[in-house]
Each structure stands twice: as C-alpha cells, then as structure tokens.
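Only one structure is covered here, and it is reproduced in the block below.
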Amino acid sequence: MSYQIAITEKPGYLHCVVTGKNTMENVAAYLQQLSRECEPRNCFRVLAAEHLVRRRLETWDVYQLASEGSARLLGKVQAMAYVDVNAEGELMKFAETVASNRGLPMTVFATVPEAENWLTSKGR
C-alpha cells in the first residue's frame with residue numbers, strides 16, 4: 001500500500017488527512033484504519049480529507065468502497081465529513097448516497113472549513 005494518514009484530534013472529532021495513490025486498496029485500507037482509531041480515542045466523528053493522486057476510481061469501485069466502508073464504520077462513526085480535493089464530477093455525491101442508504105451519516109464537502117462547520121454543528 002502506498003498511502004499515508006495523519007490523524008489529529010480536534011475538539012469533538014478526528015481530522016484525518018490521507019495522501020498517496022488513489023487505488024481501491026489504499027482507500028479500503030485507510031477506511032479500515034479509521035475504524036480502528038475511533039474507539040480507543042473515544043471519538044466517533046471523523047473528517048477525512050483525501051489528497052490521493054492518480055486516476056480516478058470507476059463508479060463500480062466507488063460503490064464497492066462506499067458499501068464495504070459503510071458496513072465497517074457503522075456503529076463506530078456517528079458522523080463523517082468527507083473532502084476529496086481531487087474529486088471530479090458527481091462521483092463523490094454517489095458515494096455519499098450509497099453510504100447514507102446504508103446508515104452511515106456521511107456528507108461530502110468541497111472544502112475542509114465547510115466540513116468542519118457541519119461536523120461540529122451536527123447533533124446540536
């Protein structure tokens with residue numbers, strides 16, 4: 001795998017910045033790593049800022065990742081804000097719909113400040 005993840009605890013959520021190559025394996029691995037990080041930190045809100053490079057994933061790949069990632073994070077994550085700085089088109093909105101339909105409260109944002117605002121105000 002060729003990705004790096006930096007996790008910073010912020011008041012009420014984990015801020016994760018992911019860099020590396022955009023592959024199914026890397027996305028699946030960092031989602032799994034995120035699910036393992038929440039419980040020991042007693043923090044169940046996540047902001048994932050993805051800075052992965054290379055080709056964009058296909059629709060079927062995104063569907064599989066969103067489905068499997070939702071199942072992995074369900075019950076471990078109360079809210080997930082997602083920013084993909086290299087996103088193109090509506091594919092990330094599709095991932096949001098897939099995750100939401102599986103019970104994971106995930107919302108996609110264009111910027112980190114928008115994501116932070118949503119995440120910190122969610123549940124108030």
Within a strict 4.5 Å, meaning less than it, do heavy atoms of the Arg55 and Asn22 side chains meet? no
Nearest heavy-atom neighbours spanning Ala66 and Ala95: CB-O, 3.8 Å
Exercise: do Glu114 and Trp118 side chains pair donor with acceptor under 3.5 Å: no
Interatomic distance, CD@Glu9 vs SG@Cys16, rounded to 0.5 Å, equals 10.0 Å
Do the side chains of Arg72 and Leu34 get nearer than 4.5 Å, heavy atoms only? no
Out of curiosity, does Phe109 fall in the hydrophobic cluster containing Val85 (side-chain heavy atoms, cut-off under 4.5 Å, transitive links)? yes
Which distance, rounded to the nearest 0.5 Å, do you find between the CD of Glu90 and the OG1 of Thr97? 9.5 Å
With a 4.5 Å cut-off on side-chain heavy atoms, are Glu116 and His15 touching? yes
Going by an N to O cut-off under 4.0 Å, is there a salt bridge joining Arg56 and Asp61? no
Hydrophobic clusters here meaning ILVMFWY residues chained together by side-chain heavy-atom distances under 4.5 Å, can you tell me if Val17 and Met92 are in one? no
Decide whether Glu96 and Tyr82 meet the rule of one side-chain donor and one side-chain acceptor closer than 3.5 Å. no
Using side-chain heavy atoms (C-beta onward) and a distance below 4.5 Å, is Leu52 in contact with Val27? yes
In short, Ala115 meets Leu47 closest at the heavy-atom pair CB-CD1, 3.7 Å
Output the distance between atom CG (Asn26) and atom CG (Leu65), rounded to the nearest 0.5 Å. 10.5 Å
Do Arg41 and Ile7 have side chains that approach each other closer than 4.5 Å (heavy atoms only, starting at C-beta)? yes
Measuring from Cys43:SG to Glu37:CD, what's the distance to the nearest 0.5 Å? 11.0 Å
For Glu50 and Tyr30, what are the C-alpha separation, side-chain angles and deciding distance, and is it a side chain to side chain donor-acceptor pair (under 3.5 Å)? CA-CA 10 Å; Glu50 186 179 284; Tyr30 89 69; 2.5 Å; yes
Does any donor atom in the side chain of Gln78 or Tyr13 lie under 3.5 Å from an acceptor atom in the other side chain? no
Sort out for me which residue in Leu14, Thr120, Leu119 forms a side chain to side chain contact (heavy atoms under 4.5 Å, CB included) with Arg45. Leu119
Mind checking the OG1-CD spacing from Thr59 to Gln64? Nearest 0.5 Å is all I need. 11.5 Å
On a heavy-atom basis, the closest approach of Ala48 and Met80 is CB-CE, 3.7 Å
List for me each residue that meets ring pair (Phe, Tyr, Trp, His ring centres under 6.0 Å) alongside Phe94, sequence neighbours excluded, and say none if there are none. none
May I ask whether Val18 and Val53 are part of the same hydrophobic cluster, defined by side-chain heavy atoms of I, L, V, M, F, W, Y residues being less than 4.5 angstrom apart, directly or through others? no
Are the side chains of Asp84 and Val108 in touch, meaning some heavy atoms are under 4.5 Å apart? no
Are Phe44 and Met106 joined in one hydrophobic group, where the rule is that I, L, V, M, F, W and Y side chains link up if heavy atoms are under 4.5 Å apart? no
Is it true that the side chains of Thr23 and Arg54 contain a donor and an acceptor less than 3.5 Å apart? no
What's the separation between atom CD in Gln32 and atom CD in Glu68, rounded to the nearest 0.5 Å? 10.5 Å
Step by step, work out the side-chain contact (heavy atoms from CB on, under 4.5 Å) result for Cys38 and Val46. CA-CA 8 Å; Cys38 290; Val46 176; 3.8 Å; yes
Show your working on side-chain contact (heavy atoms from CB on, under 4.5 Å) between Thr111 and Val83 and close with a plain yes or no. CA-CA 6 Å; Thr111 68; Val83 178; 5.8 Å; no
